[in-house]
Amino acid sequence: MRKQSGFSLVELMIALVIGLIVVGGLVSVLMASRQAFTLQQSNNFNQENIRFASARLSWSLRMADFWGGTKPDKITALTDTAGIGGDGDCNGAFVMSVGPGAMQNGVYGYDGGEDFPIKDCVDPANYVKGSDVLVVRYADVIGYDPDKGPDTQDFNGDASAVPNTTSVFLVAGLGQQAALFRKDAAVPAAPLSVTSGRYVYPYQFEMYYLRPCADLGGADKCSATSDGGAPSPSLVRMRMDATGKLVSEVVVDGIEQLSFEYASRVDNGANPPGQTAFGPAATTDWQNVTQVRTTFVARAASRDMSIKHSGEFDLTGHCAYKIDDTGAVSYPDTAVTNGCSKALSGAYGDQPQQYARILSQQVVLLRNRVRG
């Protein structure tokens, strides 16, 4: 009789144990890889959003106070502002705050608080509490022939013919004078001292602020149901359209907090040579601002519950907050009033420790002011 061979029960059990150990190791490696992938994906999302937001803000700030080669005090202001602007104090006079004696002109900022800093301009539900607001005004770089000759583009034509068309234009003579005028109106000859070497530029008004959601979903304000039930804080630009009205559009989503600080060309003797002190809007000398420091906190679009995303986010001397492992939010003491402490409970979302965040900072030189 032939002897039978095979695995004994003990051998089979040993093989099963070894197999389970190998499989367990593979599962552990796969889970670690998945966790690393999720974290990297969140960081990539945050970095891309910061890059885009930084580029957009940098462009606007570098254009601030460009008036076709003239200075703000040489601009004849627009007095007919009927139909221009939006709600509340974002009216025509505010939008067109340019010219001799105008405090705002190219750049002006507002510190964040519990309410939107410009009265009745933005619905409270559409404002991220504690975030700063920046206003920029300039003439676009596209110059047009003021004579509207038959072989030149009509600068006040339809929106498809002229990029970034607004309802207001600026006619300027390089190094001389300039004047603002309404769309379809005759190009003013006075007070410009010359009739040659003039160009017409579209006038641009931009206001940057944070909104608690990206997609309003057909409503007029953010709610818990916005963005499919997961509201994503977003950087928003308010601008003037071709009719003169103010419209808001999302620049990029995923920006949780935003802060601006400003530096002046005036040396008050308080700083070492070569160093510039940045401060909040409340202490800024607007006529002499030459640099703007922008600080963002970007937040991932999706939750990551594999690890705790706690940390302290010190945006500036007037905005800081801390998220602990339980999701509780606190506001550290700062040199001045912590504007972020004005945020309402839950402003950073449900279980905020489940979102990856990145803090980033940039400084932009206002080149048109530096050049004089």
Side-chain angles (χ1 to χ4, degrees), residues 1-55 128 210 212-215 217 222-235 250 252-258 295-315 319-332 340 343-362:
M1 183 176 180
R2 182 178 298 178
K3 184 178 179 180
Q4 294 183 346
S5 62
F7 289 105
S8 67
L9 180 60
V10 173
E11 292 172 326
L12 181 61
M13 293 180 66
I14 292 174
L16 287 174
V17 170
I18 294 174
L20 288 173
I21 293 173
V22 172
V23 171
L26 290 174
V27 170
S28 179
V29 170
L30 289 174
M31 290 180 64
S33 298
R34 175 63 180 175
Q35 180 177 322
F37 172 78
T38 302
L39 182 59
Q40 185 62 46
Q41 188 179 44
S42 297
N43 287 336
N44 290 343
F45 177 85
N46 289 335
Q47 289 171 356
E48 182 63 17
N49 284 352
I50 285 178
R51 184 199 66 79
F52 193 88
S54 298
V128 173
L210 293 188
C213 68
D215 184 9
C222 293
S223 67
T225 60
S226 299
D227 299 325
S232 178
S234 304
L235 176 65
V250 173
V252 62
D253 64 337
I255 305 299
E256 181 178 77
Q257 258 302 351
L258 172 65
T295 310
F296 304 90
V297 174
R299 194 194 79 179
S302 57
R303 297 179 184 271
D304 175 18
M305 294 179 283
S306 60
I307 59 175
K308 304 294 185 182
H309 297 283
S310 55
E312 185 170 332
F313 305 94
D314 188 359
L315 280 80
C319 178
Y321 58 101
K322 181 179 180 180
I323 299 174
D324 66 20
D325 287 345
T326 67
V329 181
S330 58
Y331 304 94
C340 287
L344 299 180
S345 176
Y348 298 107
D350 177 45
Q351 300 297 319
Q353 80 280 10
Q354 295 177 357
Y355 292 94
R357 290 172 176 81
I358 290 180
L359 186 146
S360 179
Q361 190 174 86
Q362 68 169 355

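Remark: Phe296 engages no residue in a ring-ring contact (aromatic ring centres under 6.0 Å, His included) (not counting sequence neighbours). Remark: Pro352 engages Ile323, Val329, Tyr348, Arg357 in a side chain to side chain contact (heavy atoms under 4.5 Å, CB included) (not counting sequence neighbours). For Tyr355, there are no ring-ring contact (aromatic ring centres under 6.0 Å, His included) partners at least two apart in sequence or on another chain.
Taking CD of Glu256 as the start and CG of Leu315 as the end, the distance is 9.0 Å to the nearest 0.5 Å. Atom CD in Gln353 sits 10.0 Å away from atom CE in Met305 (nearest 0.5 Å). Rounded to the nearest 0.5 Å, atoms CD1 (Ile307) and CD (Gln354) are 11.5 Å apart. Annotation: the span from Lys322 atom NZ to Cys340 atom SG amounts to 15.5 Å, rounded to 0.5 Å. Atom CD of residue Gln362 and atom CZ of residue Arg51 lie 12.0 Å apart, to the nearest 0.5 angstrom. Atom CD of residue Gln257 and atom CG of residue Leu359 lie 10.5 Å apart, to the nearest 0.5 angstrom.
Annotation for Arg299 and Pro233: closest pair NH2-CD, 3.6 Å, computed over non-hydrogen atoms. Closest non-hydrogen pair, Pro231 versus Cys213, comes out as CB-CB, 4.3 Å. Closest approach of Ala53 and Val252 over heavy atoms only: CB-CG1, 3.8 Å.
A distance-only check finds a donor-acceptor pair linking the side chain of Ser234 to the backbone of Ser232 [under 3.5 Å]. Side-chain N or O atoms of Asp227 include one that pairs as donor or acceptor with a backbone N or O of Asp215 at under 3.5 Å. A donor-acceptor pair is defined here as one N or O able to donate and one able to accept, closer than 3.5 Å; such a pair exists between the side chain of Asn49 and the backbone of Asp253. No donor-acceptor pair under 3.5 Å is formed between the side chain of Ser226 and the backbone N or O of Cys222.
Here the two rings, on Tyr331 and Tyr321, have centers that are 6.0 Å apart or farther.
In this structure, the side chains of Leu210 and Leu235 come closer than 4.5 Å at one or more pairs of heavy atoms. The side-chain heavy atoms of Leu258 and Thr295, taken from C-beta on, include no pair separated by under 4.5 Å.
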Exercise for review: Determine, stepwise, if the pair Asp324 / Ser310 fulfils side chain to side chain donor-acceptor pair (under 3.5 Å).
Suggested key: CA-CA 5 Å; Asp324 66 20; Ser310 55; over 6 Å; no
